[in-house]
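Structure first, commentary second.
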Amino acid sequence: MATSPPPSQDKPCPAIPMGVDETIQHSDWPALTQAEIKAVLASHGHAHHRQPRILETSIRPYSAAALVTLPHGEELFIKRHDGRLRTAGAQQKEHDFIHHLHSQGLPVIQPLKTPQGQSFISLPSQQGAPQIYELFPGLKGRDTYRHDVTWGQSWHNQAQAYAAGALLGRLHRASATWRTPPQPRSQEALLLSGMAPLEGADGANRFLAAMAQRGLPEQRALLAGDLPGLLHHFHQRLRQAPSQEVFLWGHGDWHGVNLTWRQDDADKIEEVFDFGMSDATSAAFDLAVALERSAIAWLNPGGPAPFSQALLDAFLAGYASTGFSAALKRCASWLPLCHVPFALSEDDYYRRLLQDGASADIALEGYLVGHMQWFLAEEGQRFLSTLQQSAERHAAAARHCPLTPSQKR
Ligand SMILES: Nc1ncnc2c1ncn2[C@@H]1O[C@H](COP(=O)(O)OP(=O)(O)O)[C@@H](O)[C@H]1O
Ligand SMILES: [Mg+2]
């Protein structure tokens with residue numbers, strides 16, 4: 001990992017919103033500064049006298065990013081992570097996974113390497129923990145879902161839902177040969193989305209015990225409320241779920257916002273990016289995460305159309321077209337639980353790191369518990385049974401082509 005002198009004190013670039021809600025006016029992280037951008041570009045061999053032109057700087061929640069143009073027109077995307085959120089080791093694992101998928105023919109955007117062969121750099125910062133910087137080539141495809149909200153909007157049409165399902169299936173097939181332990185769990189490693197905390201027959205009990213042990217007052221309050229009952233209910237259903245778990249690294253955030261589409265065919269995927277939540281989970285868990293983020297209109301789950309059966313069917317048909325069925329049969333059982341570890345880690349992120357109690361409360365009450373309550377109520381039950389039936393139908397029709405045997409942990 002290359003280290004350079006700390007960027008000189010200069011002002012963050014003015015925020016030019018990028019991505020989801022462009023009306024948001026605040027950012028959790030300071031925008032990248034000209035000095036940081038120059039330092040990152042220089043470490044990648046782009047030492048220019050002139051300032052790079054900044055097209056956009058991001059105000060997205062978990063990191064800071066900027067899209068810049070070099071003097072000869074090439075666009076590059078820089079992403080900065082606070083070192084308390086991502087260690088160098090975790091970043092390296094994520095990149096190794098991206099390179100593996102690329103070697104298997106997946107259309108992933110690969111991080112650019114420095115002349116010394118490093119795919120990210122680390123710079124000291126005034127906050128204490130070094131900051132981690134990734135550099136990517138600009139997107140080739142159309143960023144069609146750029147203004148959409150994860151958890152808010154589904155696929156734009158059935159052809160895109162099918163393509164997204166099919167590519168996730170291909171990703172799982174390619175990832176089944178990637179045998180690397182999960183991202184490390186530690187007090188420092190916030191923002192993780194893994195299934196390990198809930199795995200095994202005693203998963204619900206272990207999870208609740210771990211929450212109690214942390215002793216955070218807001219989390220303890222949930223333990224005295226609906227949470228234990230909900231967790232036990234859905235965990236029991238998971239234990240009875242059909243088919244074997246196929247352990248593999250998943251993308252962890254499969255949604256249109258992390259895909260681009262071909263310039264010459266709006267319904268074909270050009271490239272996949274944003275592997276920040278990738279981790280060792282399972283095919284069913286990762287499929288459930290994809291559905292949790294894209295299949296339900298969480299901004300209005302009590303509205304007249306909380307989900308689209310046609311889009312759900314198209315997505316599952318795409319996934320089934322890649323030829324294995326184990327994940328399809330189990331994904332409905334993971335769905336009410338797959339957000340649980342991430343929601344808890346979001347609570348940590350907002351409460352401990354950002355001291356933003358209001359967002360942390362939303363993560364615990366609205367997300368962690370609220371989503372499970374929805375799945376238990378009438379609409380959620382209807383969704384889960386529609387999903388189970390549809391998934392089993394597609395699994396039965398799938399050309400049988402099993403993945404490699406389950407990986408042992
Ligand atoms: N290589 C890139 N070139 C140009 N824009 C990009 C690139 N990668 C991401 N973006 C844009 O920035 C947004 C945020 O990037 P992403 O890596 O998905 O981070 P986040 O963790 O905030 O979702 C994307 O949704 C996309 O609109
Ligand atoms: Mg993203």
Side-chain angles (χ1 to χ4, degrees), residues 13 15-22 24 26-32 37 40-41 44 46 52-70 73-82 85-86 90-91 94-95 97-98 101-102 107-113 119-120 131-153 156 164 167-168 171 183 190-193 250-261 263 269-279 286 289-290 292-294 342 345-346 349-350 354 359:
C13 304
I16 310 162
M18 164 194 291
V20 283
D21 183 351
E22 305 203 346
I24 295 173
H26 86 282
S27 158
D28 291 342
W29 301 102
L32 286 156
I37 292 172
V40 174
L41 293 178
H44 280 77
H46 300 292
R53 197 156 73 85
I54 298 168
L55 301 177
E56 294 173 304
T57 54
S58 146
I59 52 169
R60 295 174 65 81
Y62 306 128
S63 58
L67 184 65
V68 301
T69 331
L70 299 183
E74 187 186 356
E75 287 187 2
L76 297 174
F77 182 75
I78 302 171
K79 211 168 167 184
R80 179 189 66 209
H81 307 274
D82 189 281
L85 281 176
R86 179 149 327 170
Q91 187 66 73
E94 178 190 324
H95 286 181
F97 181 48
I98 295 175
L101 293 176
H102 184 259
V108 291
I109 300 190
Q110 297 195 88
L112 295 168
K113 291 191 173 165
S119 61
F120 61 94
Q131 308 284 292
I132 291 196
Y133 299 82
E134 302 171 272
L135 187 67
F136 293 93
L139 301 173
K140 274 197 294 183
R142 291 190 213 176
D143 197 359
T144 309
Y145 287 70
R146 159 193 181 90
H147 301 292
D148 289 15
V149 187
T150 319
W151 292 285
Q153 270 110 28
H156 291 183
L167 191 58
L168 183 62
L171 186 148
Q183 291 288 22
L190 305 174
L191 287 178
L192 290 163
S193 170
H251 178 273
D253 195 9
W254 195 257
H255 186 277
V257 297
N258 292 324
L259 301 170
T260 63
W261 303 81
Q263 302 286 357
I269 294 171
E270 175 72 45
E271 52 208 343
V272 185
F273 57 94
D274 193 1
F275 283 79
M277 298 308 297
S278 59
D279 207 338
D286 202 42
V289 168
E292 194 256 340
R293 290 184 185 191
S294 66
F342 178 60
S345 78
E346 261 204 328
Y349 169 77
Y350 284 116
L354 302 184
S359 298

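First listed ligand is number 1; within each ligand, the first listed atom is number 1.
The number of protein N, O or S atoms lying under 2.8 Å from the Mg ion (ligand 2) is 2.
Shown here is Arg53, whose CZ atom has no more than 12 heavy atoms of other residues, nucleotides or ligands within 6.0 Å.
Residues satisfying the side chain to side chain donor-acceptor pair (under 3.5 Å) criterion with Glu270, sequence neighbours excluded, are absent altogether. For Glu292, there are no salt bridge (charged side-chain N to carboxylate O under 4.0 Å, His left out) partners two or more places apart in sequence or in a different chain. With sequence neighbours excluded, no residue satisfies side chain to side chain donor-acceptor pair (under 3.5 Å) with Thr144.
With respect to Arg86, the side-chain hydrogen bond (donor to acceptor under 3.5 Å, both in side chains) criterion is satisfied by exactly one of Glu94, Gln183, Gln131: Glu94.
In this structure, Phe273 is part of the shell of residues with a heavy atom less than 4.0 angstrom from ligand 1. Residue contacts with ligand 1: Gly138 is included, with a non-hydrogen atom under 4.0 Å away.
Residue contacts with ligand 1, taken as heavy atom pairs separated by less than 4.0 Å, do not involve Ala65 at all. Residue contacts with ligand 1, taken as heavy atom pairs separated by less than 4.0 Å, involve Asn258 solely via side-chain atoms from C-beta onward.
In summary, the atoms of ligand 1 found under 4.0 Å from a heavy atom of Val257, numbered by their order in the structure, are 25 (O). Short contacts between ligand 1 and Asp143, defined as distances under 4.0 Å to a heavy atom of the residue, involve ligand atoms 26 (C), 27 (O). Close approach of ligand 1 to Leu67 is summarised as follows: ligand atoms under 4.0 Å from at least one heavy atom of the residue are 3 (N), 4 (C).
In this structure the side chain of Ile98 reaches within 4.5 angstrom of the side chain of Pro111, judged on heavy atoms.
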Handout entry: side chain to side chain donor-acceptor pair (under 3.5 Å) between Tyr133 and Gln91, worked out
Key = CA-CA 10 Å; Tyr133 299 82; Gln91 187 66 73; over 6 Å; no

Exercise for the section: Check the pair Ile132, Leu85 against side chain to side chain contact (heavy atoms under 4.5 Å, CB included), reporting the backbone distance first and the verdict last. Expected result: CA-CA 10 Å; Ile132 291 196; Leu85 281 176; over 6 Å; no

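Ligand 1 has a nitrogen or oxygen under 3.5 angstrom from a nitrogen or oxygen of Lys79.
Between atom 6 (C) of ligand 1 and the options Tyr145, Phe77, Tyr62, the minimum heavy-atom separation is to Phe77. Among Leu135, Leu76, Leu139, the residue whose heavy atom sits closest to atom 3 (N) of ligand 1 is Leu139.
When all heavy atoms of Thr150 and Asp253 are compared, the closest pair comes out as CG2-OD1, 4.2 Å.
Judged by a 6.0 Å distance limit and a 45° cone about the ring axis, Arg293 is not positioned over the six-membered ring of Tyr145.
The aromatic rings of Trp29 and Tyr349 sit tilted relative to each other, their planes meeting at an angle between 30° and 60°.
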